[in-house]
S.K.: 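Dumping the structure here so I can ask a few things about it.
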2 protein chains.
Amino acid sequence: MIQNLSEHQREQLQEALAHGGQKVTPQREIVYSVLLAKRDHPTVDEVFNRARESMPGLSLATVYNCLETFVGCGLVRQVNHERESTRYCPNLAPHAHFRDESTGRVHDIELPEHVLSTLRSILPNGFETDSIEISFHGHTKNSRNHNSN
Amino acid sequence: MIQNLSEHQREQLQEALAHGGQKVTPQREIVYSVLLAKRDHPTVDEVFNRARESMPGLSLATVYNCLETFVGCGLVRQVNHERESTRYCPNLAPHAHFRDESTGRVHDIELPEHVLSTLRSILPNGFETDSIEISFHGHTKNSRNHNSN
DNA sequence: GATAGATTTTGAATCATTCTAAACACCAAC
DNA sequence: GTTGGTGTTTAGAATGATTCAAAATCTATC
Ligand SMILES: [Mn+2]
Ligand SMILES: [Mn+2]
Ligand SMILES: [Zn+2]
Ligand SMILES: [Zn+2]
């Protein structure tokens with residue numbers, strides 16, 4: 001079920017890790033491929049369970065380590081909703097998250113540049129932004145699946 | 001240090017609680033007044049410590065209870081930053097939060113209606129929003145205090 | 001002033017995450 | 001091919017914010 005990384009994806013992983021003097025390992029490959037395979041913003045436990053199917057000896061601590069590493073090198077984003085378990089997202093394009101209260105599912109919402117600049121424009125002088133996080137809460141009305149890959 | 005509630009504030013509290021058939025208690029009054037007295041988005045522990053100054057017997061569980069009650073009746077908002085302790089905010093106007101990475105402080109950023117509608121406009125069909133949360137991360141450049149009351 | 005319902009209190013339980021220390025893997029130098 | 005160094009993985013313990021459970025306290029009403 002968890003196919004290997006494509007040429008391109010492996011390169012991206014290798015490249016991202018290289019910056020911190022870190023290496024591609026079998027565990028990191030699997031964890032990354034789990035994130036790419038089903039972009040439904042899984043929790044650590046979900047990643048762990050999916051990854052274990054291809055690598056039974058994998059430990060939970062390693063999944064935490066890998067994900068932290070990926071976040072550190074900018075390959076992956078953390079997604080938090082209140083104090084629920086952290087979820088992980090490999091979508092590097094600027095996007096917001098929509099959390100469906102009835103299903104608990106998290107959807108990516110593309111974020112056009114003009115929205116970002118509108119947002120930056122409301123900051124008073126002296127506030128320098130590194131990043132902006134936007135999350136919608138609500139529910140989705142039928143409207144076909146809203147695919148999470 | 002923690003002055004009592006004004007007429008108006010007490011009424012607001014009483015009114016908000018009444019909807020759920022709940023009553024004003026000395027503990028709830030103190031906890032609410034702590035939030036109003038210093039709008040720096042305190043954590044539960046910070047609220048607890050401040051409140052204890054006026055009511056030494058107050059328990060931590062009660063602070064959790066009061067805050068949960070307030071959130072439930074819409075008097076107060078929770079503010080989360082990643083998985084840090086939840087903070088509490090009595091500002092009911094639509095606003096975003098700016099988290100200063102160097103000081104850890106959280107500032108309110110007024111949110112004009114046109115920004116909210118711009119944001120709503122990027123949602124694909126079928127996504128019905130109940131609420132939108134926006135948080136900026138960055139640092140503040142001198143520019144006088146950025147008062148947190 | 002007894003009874004019921006809400007609230008508060010204490011202390012224990014939960015549970016995601018982090019930490020620690022021991023095993024491993026890899027590679028380059030000897 | 002052994003050794004030393006460095007980064008990685010692993011299992012299990014520790015942490016810490018939050019939640020829970022149950023007893024004690026209050027308050028309003030009969
Ligand atoms: Mn709804
Ligand atoms: Mn910065
Ligand atoms: Zn995402
Ligand atoms: Zn606020």
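Every chain is numbered from 1 and lettered A, B, ... according to where its sequence line falls, protein lines coming before strand lines. The figures here come from the full heavy-atom set of this structure, side chains too, leaving out hydrogens, waters and symmetry mates. Since the structure is predicted, the reported quantities are computational estimates derived from the model, not experimental observations.
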S.K.: Atom CG of A/L67 to atom P of D/dT8: distance rounded to whole Å?
M.R.: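 After rounding, the gap between these two atoms is 15 Å.
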S.K.: Give every pair of a protein N or O atom and an N or O atom of nucleotides 11-13 of chain C that lie under 3.5 Å apart, one pair per line with the distance.
M.R.:
none

S.K.: Cation-pi check for B/F48 against B/R52: NZ or CZ below 6.0 Å from the six-membered ring centre and within 45 degrees of the axis, yes or no?
M.R.: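 Yes, cation above the ring, under 6.0 Å and within 45°.
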S.K.: What heavy-atom pair brings A/H97 and A/V79 nearest, and what distance separates the two atoms?
M.R.: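 That would be CE1-CG2, 3.4 Å.
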S.K.: Which residues satisfy the side-chain contact (heavy atoms from CB on, under 4.5 Å) test with B/Q22, sequence neighbours excluded?
M.R.: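 B/Q22 satisfies side-chain contact (heavy atoms from CB on, under 4.5 Å) with B/L17, B/R28, B/T69 only.
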S.K.: Can you find a pair of side-chain heavy atoms, one from A/L119 and one from A/H114, that are under 4.5 Å apart?
M.R.: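 A side-chain contact is absent here, since even the closest heavy-atom pair is not under 4.5 Å.
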S.K.: Rounded to whole angstrom units, what separation is found between the CG atom of A/L58 and the P atom of D/dA11?
M.R.: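 Going from CG in A/L58 over to P in D/dA11 covers 9 Å.
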S.K.: Between atom CZ in B/F48 and atom P in D/dT18, what is the gap in whole Å?
M.R.: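 Taking CZ of B/F48 and P of D/dT18, I get 14 Å after rounding.
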S.K.: What is the distance, to the nearest angstrom, from the CD atom on A/Q27 to the P atom on D/dA11?
M.R.: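 From A/Q27 CD to D/dA11 P: 11 Å.
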S.K.: Under 4.0 Å between a side-chain N/O of A/T62 and OP1 or OP2 of D/dT10, yes or no?
M.R.: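 For A/T62, the contact criterion (side-chain N or O under 4.0 Å from OP1 or OP2 of D/dT10) is met.
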S.K.: Could you work out which one of D/dT10, C/dT7, C/dT9 sits closest to the side chain of B/R28?
M.R.: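 My answer, after comparing the listed nucleotides, is C/dT7.
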S.K.: Using a 4.0 Å heavy-atom cut-off, write out nucleotides 22-30 of chain D from 5' to 3' as B (base contacted by protein), S (sugar-phosphate only) or - (no contact).
M.R.: ---------
S.K.: Between B/D108 and B/H41, do the side chains contain a donor N or O and an acceptor N or O under 3.5 Å apart?
M.R.: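 Yes, side-chain donor-acceptor contact under 3.5 Å.
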S.K.: Assign B/G57 to base, sugar-phosphate, or nothing according to its heavy-atom contacts below 4.0 angstrom with the strands shown.
M.R.: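 Sugar-phosphate, backbone atoms only, no base.
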S.K.: Roughly how many Å is it from CD in A/E68 to C1' in D/dT10, rounded to a whole number?
M.R.: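 Atom-to-atom, A/E68 to D/dT10, this comes out as 16 Å.
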S.K.: Whole-Å distance between C/dT9 P and B/R52 CZ?
M.R.: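 Rounded to the whole Å, the gap is 12 Å.
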S.K.: Counting the atoms with a prime plus P, OP1 and OP2 as sugar-phosphate, which does B/T25 contact under 4.0 Å by heavy atoms, base, sugar-phosphate, or nothing?
M.R.: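 Sugar-phosphate, no base atom in range.
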S.K.: In whole Å, what is the span from the CD atom of B/E82 to the P atom of D/dA17?
M.R.: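 Result: 16 Å.
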S.K.: Using the side-chain contact (heavy atoms from CB on, under 4.5 Å) criterion, which residues pair with A/T103? Sequence neighbours excluded.
M.R.: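 Per chain and number, A/T103 pairs via side-chain contact (heavy atoms from CB on, under 4.5 Å) with A/D100, A/R105.
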S.K.: Which residues satisfy the side-chain contact (heavy atoms from CB on, under 4.5 Å) test with B/A16, sequence neighbours excluded?
M.R.: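 B/A16 satisfies side-chain contact (heavy atoms from CB on, under 4.5 Å) with B/C73, B/L75 once adjacent residues are dropped.
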S.K.: Pairs under 3.5 angstrom, nitrogen or oxygen only, protein versus nucleotides 15-17 of chain C, please.
M.R.:
| from | atom 1 | to | atom 2 | distance (Å) |
| --- | --- | --- | --- | --- |
| C/dT17 | OP1 | A/T86 | N | 2.9 |
| C/dT17 | OP1 | A/T86 | OG1 | 3.0 |
| C/dT17 | OP1 | B/R83 | NE | 3.3 |
| C/dT17 | OP2 | A/Y64 | OH | 2.9 |

S.K.: Salt bridge or not between A/R99 and A/E84? Use side-chain N to carboxylate O under 4.0 Å.
M.R.: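 Between A/E84 and A/R99 there is a salt bridge, with a charged N closer than 4.0 Å to a carboxylate O.
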S.K.: Mind checking whether A/F70 and A/Y32 have parallel, tilted or perpendicular rings, split at 30° and 60°?
M.R.: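 Aromatic pair A/F70/A/Y32 classed perpendicular.
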S.K.: Closest heavy-atom contact between B/S135 and B/H137?
M.R.: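 It is OG-NE2, 3.5 Å.
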S.K.: Go through the side-chain N and O atoms of B/T62 and B/S59 and say whether any donor and acceptor fall under 3.5 Å apart.
M.R.: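 There is such a pair between these side chains.
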